[in-house]
Engineer: 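One structure follows; several queries about it will come next.
A note on names: the letters A, B, ... follow the listed sequences, proteins ahead of strands, and every chain is numbered from 1. These figures come from a predicted structure and were not determined experimentally. Scope of the values below: all heavy atoms of this structure, side chains included, with no hydrogens, waters or symmetry mates.
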Amino acid sequence: MSSDNGALVQVRGVDKVFKRGSEKIHVLGGLDLTVPQSEFLALMGPSGSGKSTLLNLIGGLDRPTKGTVEVGGQRIDGLSERKLAAWRARHVGLVFQFYNLLPVLNAARNVELPLLLTRLSKKERRKHVDTALSVVGLTDRSRHYPRQLSGGEQQRVGIARALVTDPTLLLCDEPTGDLDRKSSDGVLDLLDTLNRVQGKTIVMVTHDPHAAARATRTLYLDKGQLTTEPVA
Amino acid sequence: MKYLGLIWSNLKRKKLRTVLTVLSIFVAFVLFGYMAALRMAFSQGVELAGLDRLVVRHKVSIIQLLPEAYEERMERIEGVEDATFATWFGGTYQDPRNFFAKMPVKPEEFLAMFPEYVLTDEERAAWGETRTGAVVGRALADRFGWQIGDRIPIEPDIWRLKDGEGAWEFDIVGIYEGAEKNTDTTQMFFRHDYFHESRRYGTGSVGWYWVQIAEPERAAEIAQLVDEEFANSPAETKTEPEGAFAQGFANQAGNVGAIITAILAAVFFTILLVAGNTMAQAVRERTEELGTLKALGFTHRGVSMLVLGESLLITLLGGLLGLGLAWFLISKGDPSGGMLPFFYFSPKDRLLGVVVALLLGVIAGTWPAWQAQRLRIADAMRR
Ligand SMILES: Nc1ncnc2c1ncn2[C@@H]1O[C@H](COP(=O)(O)OP(=O)(O)OP(=O)(O)O)[C@@H](O)[C@H]1O
Ligand SMILES: [Mg+2]
């Protein structure tokens, strides 16, 4: 899925403008970003700077107003809604700040969700789910519902769900934002392992310098642009 | 259907709400079943009436009697194939609530004119040999658990016995089946000769006549000939096609049908609001989850189908359970205890019920499904 120069994600000259009524909000302006294969990139920046917006563009959840987004050598900014949905299901794993698990499904069935979109048989799905849950160390909690799990455990279920389709790209939006230090460390250890052992490319948005320190590189978003140094 | 599990889980989210919604749909469909059966009961009288039979009654009223001797005179009228008579017996079997029609007839002629009442050859023969013999319809026999050989006492109200104040006794010699689904099998027929010889008064008179005609299109003309025959006699007649006899009944039935349809329309409109509201709420409170599904790779269409599927599951669950219970209850007989012989839930109405349940699900789910469809991920997932 990597293109020739080893870059998995290439964002070129991207603008993102939101319209709220007659008012236009320029969030990203002429933004460039290259994420090499197997990098663990941390994105930081003040609230409202557009970190989630950028992550959404990379993950194909939204389209840029201008510019191109290429992932694994494929342009995704122009795909139709259907194609984009299928592409997301195959290539991207998403981890959210508030876990976004379905409360009516137990851990195993939450993890299974993305697999419903594949052609896998029930038995194969089951195998993938078991594997993903064992990777995050929750094999024994598979029948528990989200409300029966701690925040840290819920987030690990969320990560298992992101992993279960074996995507090359893992996008995490403040994955530890709602967790205490200890659970945080557990989740970060997990991401670290996934990156180093399995070679997963990870882009993680965070407010926490402690979390960013676990990444291989940190970029700062400010005024619609990325910089390598935090803006004072 | 790997998505069914997902839809089902969503129904369990707010169990009480789901149960209440399903319950109200369930009740509506039980009602639907009963209303359909009731409408059937009221409209069947007409469809059932033979076109080739006339009913001849006393001109003044149905309760005035006609001379038994009219039979021969009727049979001489041009266009009349056969004439036979019956009399309203009334009477009570054990309890006044056990109402059913009982009439003395002349077995041979009667059975020839009413081929829709089906007896075996043995039963026919037995009826011929047993003076106190009676035949009862299948539904009537089932209602009271009667069997051939049973002796049935009937307390008289109109027709007292010649000797004594006691009950008339009839021996069941046959149980007739209906040739058609809507044949009336709630009646009892017994022998006129027994009636004739045992009644205290009224000898030589009968209740009404049935006249068989060969050409149904001449019914009106022949009816007139019959009435002319007895004009200016002490007992003048009024002759109508059996269908017309039922027609007066049918006009009322038409009104009943319209009322029933109106009630059902109101009920289903209410149910539509209930189901629609449930689904609208379900989507509103789940905005973020639907957004998550889309983020995970579910398409707009896919998510809207999940919502529509949920709506259908709710209405089908309530609808099929309701139709099922209605079917079961209706098959046990009509609520008036036998006064509505054609009270049944026809296959056509059952199919209609399923179609209505489906439609209800689709209509109730359309708007919420559309809401779910147009949900944009970036918006849905922002808190
Ligand atoms: N769907 C949308 N419609 C309108 N405005 C939006 C939308 N999404 C984001 N915005 C606006 O774009 C800006 C950037 O939002 P974004 O969520 O990307 O910020 P962020 O850096 O992730 O902030 P935080 O750290 O609080 O999560 C904000 O001003 C926000 O109000
Ligand atoms: Mg954000």
Engineer: With the side chain counted from C-beta on, respond yes when A:R82 and B:R301 share a heavy-atom pair under 4.5 Å apart, and no when they do not.
Structural biologist: yes
Engineer: With a 4.5 angstrom heavy-atom cut-off, could you sort out which part of A:R125 is near chain B: side chain, backbone, both or neither?
Structural biologist: side chain
Engineer: Determine whether B:K2 and A:K122 make a side-chain contact, defined as any pair of heavy atoms from C-beta on separated by less than 4.5 Å.
Structural biologist: no
Engineer: Below 4.5 Å from any heavy atom of chain B, which atoms of A:F96 appear? Answer side chain, backbone, both or neither.
Structural biologist: side chain
Engineer: Checking the side chain of B:E288 only, and the main-chain atoms of A:N100 only, is there a donor and an acceptor separated by less than 3.5 Å?
Structural biologist: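 Not a single qualifying donor-acceptor pair exists.
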Engineer: Do B:L296 and A:R88 touch side chain to side chain, with heavy atoms closer than 4.5 Å?
Structural biologist: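 Sidechains of A:R88 and B:L296: no contact.
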Engineer: Within residues 55-66 of chain A, which residues come under 4.5 Å of chain B, heavy atom to heavy atom?
Structural biologist: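 So far as heavy atoms go, A:N56, A:L61, A:D62 are the residues that approach chain B to under 4.5 Å.
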Engineer: Is it the backbone or the side chain of A:S80 that comes under 4.5 Å from a heavy atom of chain B, or both, or neither?
Structural biologist: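 Nothing of A:S80, per the 4.5 Å heavy-atom cut-off to chain B.
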Engineer: Does a side-chain heavy-atom distance below 4.5 Å link B:T292 with A:L113?
Structural biologist: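 The answer is no, as the side chains (C-beta and beyond) never meet within the 4.5 Å cut-off.
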Engineer: Is it the side chain or the backbone of B:L293 that comes within 4.5 Å of chain A heavy atoms, both, or neither?
Structural biologist: side chain
Engineer: When you compare the side chain of A:S52 with that of B:M381, does any pair of heavy atoms fall below 4.5 Å?
Structural biologist: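 With C-beta onward as the side chain, the pair stays apart.
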Engineer: With chain B as the partner, which of A:P103, A:P114, A:A86 has the greatest number of non-hydrogen pairs under 4.5 Å?
Structural biologist: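 Between A:P103, A:P114, A:A86, the count favours A:P103.
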Engineer: Report, in residue-number order, which members of residues 146-167 of chain A are under 4.5 Å from chain B by heavy-atom distance.
Structural biologist: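 Within residues 146-167 of chain A, near chain B: A:R161.
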Engineer: Under 4.5 Å from any heavy atom of chain B, what part of A:L94 do you find: side chain, backbone, both or neither?
Structural biologist: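 Only the side chain of A:L94 comes within 4.5 Å of chain B.
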Engineer: Do the non-hydrogen side-chain atoms of A:V104 and B:L11 ever get within less than 4.5 Å of each other?
Structural biologist: no
Engineer: Which region of B:F298, side chain (C-beta onward) or backbone (N, CA, C, O), has a non-hydrogen atom less than 4.5 Å from a non-hydrogen atom of chain A, or is it both or neither?
Structural biologist: both
Engineer: Against chain B, label A:L117 side chain, backbone, both or neither, depending on which of its atoms sit under 4.5 Å from a heavy atom there.
Structural biologist: both
